[in-house]
Amino acid sequence: MSHDADVLVLGGGVIGLACAHYLLAEGRSVRVLEAGKVGGGSSWGNCGTLTPSHAGPLAAPGMVAQGLRWMLRPDAPLYIKPRWDPALMRWLARAAGRCNARDWRASGLAKGALLKYSRALVEDLVYGQDLDCGFEASGLHYVFRSARALERQQRELPLLAELGVAARVLDAAALAADEPALKPGLAGAIHFPGDAQLRPDRYTAELARIVREAGGVIEEGVGVLGFERGRNGIEAVQTSEGKRSGARVLLAMGAWSAGFADNLGLSIPVQPGKGYSITYDRPATVPRRPLVLKERSVCVTTWADGFRLGSTMEFSGFDDSLNPRRLGALERGAAEYLLEPVGPARREQWCGWRPMMHDDLPLLGRAPGYNNLFLATGHGMMGMGMSAGTGRLLADLMTGRATAIDPAPYSPARLAG
């Protein structure tokens, strides 16, 4: 049968667009379907950091006890809204089962490998394709108020060193000299010179531009309604604008992937992890590079024309309300570290859902039981940072090319385990 494209990509966020770019570079025709506007989901309001430094998984030793303490605080960095949700309970149990040194290290090595690979590819994309997205290879600081917390964080450095991720510990005096936007009296920081930042909205817009210029088709405002299955897998996709088909179908719908996979009899343990951000006009005194204010889990990024506070993790399903307490926690956290924690005017308060996997590793590759269905989802908080690496890896897997990194840790086949 004839198809609309060699590859039908479901989802026009940063992951779907990156996959489309690399597939087009391999000579495949591509059609991207996006229910809203390209890059309008979790690709829009995040902090835009590219961070091999974030290789350490969330499911770490001691996290269960910490999570239980945080559950009593609605403004804590991690919040689980009390409700009956069997799927979330199963997900939390699986995540808790990985809070041990062996699983933490295994996931960290795989997560770090993809982050580091992608970090290099994003820079190649920016300069090779002339992407206007505010990319800066400025490094990043983890900043600490407490000497004890700074010492504890250094336990991750051997894992990062194994991955080739450079780090340097700054004492209080070195941090004060390096970063005048911070309040005096902080304990110190860990500097990661290989990290970078970009404007996430511009990056996704630029990916869409180069996809279209390469002959890819992007349809916005086209919702996926269902699937038609046949002997060879997915025969067609039912959409709000009629049927679409591809010789191969790539599911890259972020936190919504699990619901659509259910229609195919495919269980994907992705949970929506709600994050928040606030964007301001740029204050007079801003950090020189991105910061993570570690004790409060607040990320700070600055651009030429703006300033953003972001982060938090909330498991509340697809509740799209803006919780003022959690937004306030970003500003209160920033006020503990920054001389000017907010800008002169708020531009936007935002929330979005990250596709969270219990093992903190994305699902990349052929879907179990299907010949022509591939998955690119489950990137958690790292979708921007893993985007180019995911696109290159999926294009290699779908075209039979040798991959630059081992794809096995991200294989959807592990769902059967």
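Along the sequence shown, residues carry numbers from 1.
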### Chi angles and distances behind the side-chain contact (heavy atoms from CB on, under 4.5 Å) call for Val169, Asp171
CA-CA 7 Å; Val169 179; Asp171 63 16; over 6 Å; no
### Message
Under a 3.5 Å cutoff, is there a donor and acceptor pairing between the side chains of Trp44 and Glu348?
### Response
yes
### Task
Output the distance between atom CG (Leu309) and atom CZ (Arg332), rounded to the nearest 0.5 Å.
12.5 Å
### Query
Measuring from Leu157:CG to Glu162:CD, what's the distance to the nearest 0.5 Å?
13.0 Å
#### Entry: Distance-only donor-acceptor check, side chains Tyr203 and Ser387, under 3.5 Å
yes
### Query
Is any side-chain N of the basic residue among Arg346 and Glu331 closer than 4.0 Å to the acidic one's carboxylate O?
yes
### Query
Is it the case that Thr403 and Asp396 place a side-chain donor and acceptor less than 3.5 Å from each other?
no
### Verdict with reasoning, Thr377 to Met357, per side-chain contact (heavy atoms from CB on, under 4.5 Å)
CA-CA 9 Å; Thr377 187; Met357 282 289 294; over 6 Å; no
### Summary
In this structure, CZ of Arg229 is separated from CG of Asn372 (nearest 0.5 Å) by 10.5 Å
### Query
For Arg289 and Glu136, what are the C-alpha separation, side-chain angles and deciding distance, and is it a salt bridge (Lys or Arg N to Asp or Glu O under 4.0 Å)?
CA-CA 9 Å; Arg289 59 178 55 83; Glu136 293 183 23; over 6 Å; no
Only pairs under 3.5 Å count here: list side-chain donor-acceptor contacts from residues 188-195, not counting sequence neighbours, and write none if there are none.
residue, atom, partner, partner atom, Å
His191, ND1, Leu140, O, 3.4
His191, ND1, His141, ND1, 3.2
Asp195, OD1, Ser53, N, 3.4
Asp195, OD2, Ser53, OG, 2.5

Return a table of donor-acceptor pairs under 3.5 angstrom between the side chains of residues 20-28 and protein atoms on other chains or two or more places apart.
residue, atom, partner, partner atom, Å
Glu26, OE2, Arg392, NH2, 3.1
Arg28, NH1, Glu26, O, 3.1

#### Entry: Gap between atom CZ of Arg145 and atom OH of Tyr337 - 0.5 Å precision
6.0 Å
### Query
Taking the six-membered ring for Trp, are Tyr276 and Trp350 ring centroids under 6.0 Å apart?
no
### Message
Assess, by modelled atom type and distance only, whether the side chains of His379 and Tyr410 contain a donor and an acceptor separated by less than 3.5 Å.
### Response
no
### Message
If the test is side chain to side chain contact (heavy atoms under 4.5 Å, CB included), which one of Leu364, Val32, Val14, Leu250 qualifies with Cys19?
### Response
Leu250
### Query
Does the side chain of Thr279 pick up a donor-acceptor pair with the side chain of Arg308 at under 3.5 Å?
yes
### Query
Got a second to check how far Ile218's CD1 is from Lys37's NZ, nearest 0.5 Å?
12.0 Å
### Message
Distance check, rounded to the nearest 0.5 Å: Ser297 atom OG versus Leu293 atom CG?
### Response
9.0 Å
